[in-house]
Student: 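Just passing along the structure, written as structure tokens.
Sequence lines set the chain letters: A, B, ... in the order given, protein chains first and strands last, and positions in each chain run from 1.
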Amino acid sequence: MRSSQLFGKTLRQAPADAETISHKLLIRAGYIQQIAAGIFSLQPLGNRSITKIRNIIRDEMDRAGGQEINMPVVQPRSLWEESGRAETFVPPLATFKDKREREMIIAPTHEETATAMARAGVTSYRDLPFTIYQIQTKFRDETRPRGGLLRVREFEMKDAYSFDADEEGMDRSFQSMVDAYKRIFKRCGLEVIMVEADSGGIGGKDSNEFVLLTDSGEDTILMSNESDYAANLEKASFIKKAFPIGDLGQVEEFATPGIKTINELAKSEGVSKSKTAKAVFYSVDGEIVVVTIRGDYEVNETKLRNQLGGLEPKLATPEEVKAAGLVSGSASSVGLEGIKSIVDDSITLGSNYLAGANKEGFHLRNVNLNRDFKADILGDIAEAKKGYLSPDGKGKLVAKRGIEIGHVFKLGNVYSSKMGADYTDEDGEQNEILMGCYGIGVGRMLAAAIESNHDDFGMILPQAIAPYDVYLAGLNLNNDDIAGKAEQIYETLQDAGYDVLFDDRDVPPGVKFKDADLIGVPVRVVISSRSLENGGVEVKSRTSKDSEIISESDVLAIVQKVLG
RNA sequence: CGGGGCGUGGCGCAGUGGUAGCGCACCCGCUUUGGGAGCGGGGGGUCGCAGGUUCGAGUCCUGCCGCCCCGACCA
């Protein structure tokens with residue numbers, strides 16, 4: 001492609017409403033155009049990058065045995081009523097009515113249609129296993145899109161669905177997708193790690209995220225400094241500190257005037273926070289619940305939600321707390337009737353806690369689970385932090401930031417049972433099909449790549465996802481000799497299969513160099529009167545500071561070498 | 001959904017009631033050609049929308065819409 005004909009101008013200044021680096025660069029380099037909040041068009045450069053990413057994904061999906069399909073963006077709402085997600089999906093489904101007043105939805109994901117496909121197409125165990133995938137548009141009406149392509153409302157996703165007869169099969173399909181994902185990210189030149197994750201609204205038992213570690217990421221990842229344990233903060237577990245459990249003391253009340261927090265309580269008693277039982281109030285589906293956790297830990301609301309069977313906990317407002325007759329600052333589960341109690345298992349790793357007396361200005365000593373208060377639900381709801389012990393017993397946790405660009409789920413029978421997707425096995429019995437689903441955010445992957453790979457001048461894209469492999473800058477092109485040689489190099493590189501952007505514009509050299517850097521093309525070749533005087537053409541990789549002069553006849557060989 | 005900010009030419013911005021301007025970009029000409037060139041000439045804006053106040057509104061008032069950021073929420 002000749003720059004003189006390329007649609008899309010580079011900007012010297014980024015639009016004022018772009019804040020994130022990738023957003024600024026994508027706009028400045030002319031990759032994308034914003035149409036509305038979280039809705040973008042791809043311009044030629046952006047589309048070329050996305051196409052390259054898409055092709056790599058497709059290639060690896062096919063290699064893993066996936067079969068490409070296509071499912072509709074517009075779907076009847078009734079399909080989503082079958083799975084039960086019509087009401088519960090977050091963000092709420094975007095809907096409209098068609099001409100015949102039927103409620104339609106714009107799909108945010110495709111588990112329902114994929115299950116419908118399998119339900120219709122599978123009758124026997126002989127039809128299993130198989131994996132289907134598509135690369136296609138989703139719409140999620142996120143309340144707050146942000147960061148250019150990082151979080152958008154309409155986006156392209158590669159979503160795959162595997163169908164198996166049994167657990168072992170599902171695990172095999174899952175593993176095969178995980179392997180494909182690893183190859184995809186590697187081929188794209190991105191350092192993506194797999195971490196344990198919460199499965200959220202998609203459902204299922206196990207899920208893993210693929211995360212590109214970068215400081216500008218919006219997710220927190222906790223990983224062991226000694227093993228390969230890594231998990232999203234939402235999911236991360238750790239080994240809780242255990243204390244010897246002695247004889248249970250007598251509960252006694254004592255005055256704690258002015259003491260409102262666990263910190264103050266522990267301090268005034270001269271004990272560690274781990275000797276206290278902290279009570280936190282949540283409002284769940286309109287009902288107040290009390291969460292008790294050892295004072296040295298914090299509640300992880302995602303874990304709490306999972307313990308509550310998926311219901312969303314919200315911190316209770318002071319009014320709600322008061323209305324429930326609770327005394328904030330001196331509250332505990334002790335003696336509370338009719339209020340659901342959720343207890344973190346850290347409480348079982350110690351005894352004789354200090355806790356609120358449910359009486360303004362008083363606390364209790366020697367409070368113990370079961371004897372003094374009950375647990376309707378007992379489990380892990382504690383938030384992991386850096387420095388805590390890795391759950392595998394190897395090393396301590398460290399915290400990093402990352403961007404989630406892929407997520408894989410073992411769905412099991414979540415959808416097949418609700419939607420009646422089953423098959424007949426060897427013994428003639430009906431069984432539910434076991435599913436897995438696997439997503440990659442295509443545009444987000446590009447944004448994430450830029451977030452983790454740029455400098456003051458612009459993007460630094462890995463060759464695999466850069467819109468062009470080579471930026472050929474011809475200077476002094478009004479000189480026929482130079483112009484002729486530039487054309488020759490352009491031809492040679494293209495004949496060798498490289499995507500070349502030939503900057504043939506009549507603009508000053510500085511403009512070409514700035515654009516080459518901004519767009520992030522991995523190799524730059526310059527031909528000019530000066531380069532010819534110095535013995536040929538100049539080749540420079542985007543990442544190196546210096547260029548080297550080579551003879552024109554070596555261009556291809558050197559470009560090959562620089563691109564590796 | 002709560003808090004904050006911003007809407008003036010393609011982009012960045014100025015303009016506190018009296019005929020809409022600057023820089024970049026764009027077009028023409030000449031001169032230039034190694035890190036966003038110089039000179040000269042030129043084109044382009046219902047000032048987000050609607051209503052109101054006023055002799056007169058980009059500017060003041062009311063309502064609405066849009067966009068960004070923080071939070072909440074989050075396949």
Side-chain angles (χ1 to χ4, degrees), chain A residues 7-20 23-24 27-30 33-40 43 85 88-93 107-111 138-148 150-159 197-204 207 209-210 218-219 232 234 301-302 305 312-315 317 404-409 411 437-441 444 456-458 473-479 482 503 505-518 524 526-534 537-538 540 545 547 549:
Chain A
F7 173 74
K9 245 189 263 295
T10 56
L11 294 176
R12 206 182 274 231
Q13 281 164 307
D17 53 11
E19 195 122 327
T20 319
H23 188 192
K24 283 186 188 169
I27 299 270
R28 280 193 58 209
Q33 184 199 15
Q34 181 160 10
I35 294 299
I39 298 179
F40 291 86
Q43 295 183 165
R85 291 204 297 179
T88 61
F89 199 82
V90 180
L93 296 174
T109 174
H110 284 79
E111 282 74 23
K138 316 279 182 221
F139 182 80
R140 289 179 192 176
D141 200 0
E142 300 275 354
T143 31
R144 186 150 112 76
R146 56 172 295 273
L150 278 177
R151 174 174 296 281
V152 291
R153 294 193 294 164
E154 183 185 302
F155 59 102
E156 190 170 295
M157 182 199 270
K158 185 288 298 173
D159 46 322
D198 181 66
S199 55
I202 295 290
S207 90
E209 285 173 353
F210 288 81
E218 52 182 354
D219 292 334
N232 190 302
E234 294 179 339
E301 292 184 5
T302 304
R305 185 187 64 205
E312 199 64 44
K314 278 193 178 139
L315 264 184
T317 62
E404 172 195 359
I405 59 184
H407 203 151
V408 292
F409 304 79
L411 295 175
C437 77
Y438 318 89
I440 292 179
R444 183 182 278 183
D456 291 345
F457 300 105
L475 312 184
N476 323 99
L477 288 173
N478 45 11
N479 174 317
I482 297 173
D503 196 338
R505 295 172 300 171
D506 184 21
V507 295
V511 173
K512 300 188 179 186
F513 297 149
K514 290 284 186 192
D515 277 350
D517 287 350
L518 180 58
R524 190 185 79 192
V526 178
I527 177 162
S528 67
S529 47
R530 187 198 282 189
S531 77
L532 289 174
E533 276 163 30
N534 288 336
V537 300
E538 255 174 52
K540 176 186 164 304
K545 195 144 179 60
S547 56
I549 294 273

Student: So what does A/Q34 hit on the nucleic acid, given a heavy-atom distance under 4.0 Å: a base, only sugar-phosphate, or nothing?
Tutor: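 Sugar-phosphate only.
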
Student: What nucleic acid atoms does A/A473 come within less than 4.0 Å of, heavy atoms only: base, sugar-phosphate, or nothing?
Tutor: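 Nothing: the residue A/A473, judged by heavy atoms under 4.0 Å, touches no strand.
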
Student: Say whether, by atom type as modelled, one donor and one acceptor occur between the side chain of A/R444 and the main chain of A/L150 under 3.5 angstrom.
Tutor: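 Checked: pair present.
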
Student: Check this for me: does the side-chain of A/R28 come within 3.5 Å of the base of B/rG36 through a donor and an acceptor?
Tutor: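 Answer yes: a donor N or O sits under 3.5 Å from an acceptor.
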
Student: Using the C1' atom in both, what is the distance from B/rC22 to B/rG58, to the nearest Å?
Tutor: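 Rounded to whole Å, the distance is 16 Å.
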
Student: Rounding to a whole Å, what distance do you find between A/K24:NZ and B/rC11:C1'?
Tutor: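 Atom NZ in A/K24 sits about 14 Å away from atom C1' in B/rC11.
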
Student: Base of B/rG71, side chain of A/R146 - is there a donor-acceptor contact under 3.5 Å?
Tutor: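 No.
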
Student: Both distances under 3.5 Å, Watson-Crick or G-U wobble: report the partner of B/rG58, or none.
Tutor: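 Pairing partner: none.
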
Student: In whole angstrom, give me the gap between the P atoms of B/rU62 and B/rG45.
Tutor: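 So the two P atoms sit 31 Å from each other.
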
Student: Applying the Watson-Crick and G-U wobble criteria at under 3.5 Å, what pairs with B/rA75? Answer none if nothing qualifies.
Tutor: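 Partner of B/rA75: none found under 3.5 Å.
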
Student: Please classify the nucleic acid contact of A/A14 as base, sugar-phosphate, or nothing, using heavy-atom distances under 4.0 Å.
Tutor: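 Here A/A14 touches the backbone only, sparing every base.
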
Student: Could you tell me whether the phosphate oxygens of B/rA25, OP1 or OP2, come under 4.0 Å of any side-chain nitrogen or oxygen in A/R12?
Tutor: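 Yes, A/R12 has a side-chain N/O under 4.0 Å of OP1/OP2 on B/rA25.
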
Student: I'd like to know if A/D515 reaches the base of B/rG36 with its side chain such that a donor and an acceptor end up less than 3.5 angstrom apart.
Tutor: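 A donor-acceptor contact between them is present.
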
Student: Go through B/rG35, B/rG34, B/rU33 for me and flag the one nearest to the A/D517 side chain.
Tutor: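 For the A/D517 side chain, the nearest candidate turns out to be B/rG35.
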
Student: With a non-hydrogen cut-off below 4.0 angstrom, is A/T109 in contact with a base, only sugar-phosphate, or nothing?
Tutor: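 A/T109: no heavy atom of the nucleic acid under 4.0 Å.
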
Student: Side-chain N or O of A/R144 less than 4.0 angstrom from OP1 or OP2 on B/rC67?
Tutor: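 A/R144 to B/rC67 OP1/OP2: no side-chain N or O under 4.0 Å.
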
